[in-house]
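Take a look at the structure set out below.
Throughout, protein chains are lettered first and strands after them, A, B, ... in sequence-line order, and every chain is numbered starting at 1. Computation of the quantities below employed the complete heavy-atom set of this structure, encompassing side-chain atoms and omitting hydrogens, waters and symmetry-equivalent molecules.
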Amino acid sequence: MANWLVKTEPDECSIDDFAANPDKPVVWEGVRNYQARNFLSDMAVGDEVFIYHSSCQHIGIAGIVKVVRAAYPDPAQFDPVSPYFDGKSTADKPRWQAVDMVLVDKLPRLLPLAEIKSLPGLHDLALLKKGSRLSVMPVSQAEWDVILKAV
DNA sequence: GCCAACGTTGGC
DNA sequence: GCCAACGTTGGC
């Protein structure tokens, strides 16, 4: 059992998209970075994940979702119409992975980035590392607890 | 819109 | 294998 954080632009997919249809798994596709992909592959069913809204007006952690289907080949990589299409990917040798997730809770308030930065014990969190662009990252139990407590 | 930081590509 | 050029990320 592990915890994670994923970034998303809310215009693309926000916590409200999870909340709008709580029984329908959201396909977390389009991750096109190898390190992030490897973390996706490490996710297990039942793992809980912070949803982080980036590149938007209200930047921060918006809610919690959980994995309901572990990593499988990202369907978008085979779809020529998709912006995530990858011509170098084949069915027997897929490059990219997706997971399915559903809502656990929308946080009662969005926890802003500035506030996350002020919390103790998060120095190792990739989110706060200078220049880090990692979009899928592990969150330790201690880090998870610190963040949750601050909400 | 700016720009620093990063990852990927491709020529050599 | 090196590294310059390029495209992308993402906070401000």
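Between A/I61 atom CD1 and C/dG10 atom P the separation is 14 Å, expressed in whole Å. Following rounding to the nearest Å, A/I116 (CD1) and C/dG10 (P) show an atom-to-atom distance of 14 Å. Rounded to whole angstrom, the span from the CG atom of A/L128 across to the P atom of B/dA5 amounts to 17 Å. For A/E12 and C/dT9, the CD to C1' distance is 14 Å, given to the nearest whole Å. Atom-to-atom, NE2 of A/H53 to P of C/dG10 comes out at 14 Å; the value is rounded to the nearest Å. Between the NZ atom of A/K129 and the C1' atom of C/dG11 there is a distance of 18 Å, given to the nearest Å. Atoms CD1 (A/I59) and P (C/dG10) sit 10 Å apart, rounded to a whole Å. A straight line from CG of A/N33 to P of B/dT9 spans 11 Å, rounded to a whole angstrom.
The side-chain contact (heavy atoms from CB on, under 4.5 Å) search around A/Q57 returns none, not counting sequence neighbours. Taking A/K7 as the reference, nothing meets the side chain to side chain donor-acceptor pair (under 3.5 Å) condition, with sequence neighbours excluded. Take A/E115 and apply the side chain to side chain donor-acceptor pair (under 3.5 Å) test, not counting sequence neighbours, and it matches A/R109.
For A/V102 against A/F18, the heavy-atom pair with the smallest separation is C-CD2, 3.9 Å. When all heavy atoms are compared, the tightest approach of A/G46 to A/M1 is O-CE, 3.0 Å. The two residues A/P138 and A/L125 come nearest to each other via the heavy atoms O-CD1, 3.9 Å.
Pairs passing the ring-ring contact (aromatic ring centres under 6.0 Å, His included) check and including a residue from residues 93-137 of chain A, sequence neighbours excluded, read A/Y34-A/W96.
Without hydrogens or angle criteria, A/N3 side chain to A/S140 main chain gives no donor-acceptor distance under 3.5 Å.
Remark: A/K130 is not in phosphate contact with B/dA4, judged by side-chain N or O atoms under 4.0 Å from OP1 or OP2. Under 4.0 angstrom from either OP1 or OP2 of C/dT9 there lies no side-chain N or O belonging to A/Y52. Contact annotation: A/K117 side-chain N/O to C/dC12 OP1/OP2 distance is under 4.0 Å.
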For nucleotides 6-8 of chain C, which of its nitrogen or oxygen atoms have a protein nitrogen or oxygen under 3.5 Å away, and what is each distance?
from: C/dT8; atom 1: O2; to: A/R133; atom 2: NH1; distance (Å): 2.9

| Reading DNA chain B 5' to 3', how would its secondary structure be written in dot-bracket notation, given Watson-Crick and G-U pairs with both distances under 3.5 Å, brackets [ ] for crossing pairs and | for partners on other strands? | ||||||||||||
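Salt bridge A/D74/A/R37: absent, no basic N to carboxylate O contact under 4.0 Å.
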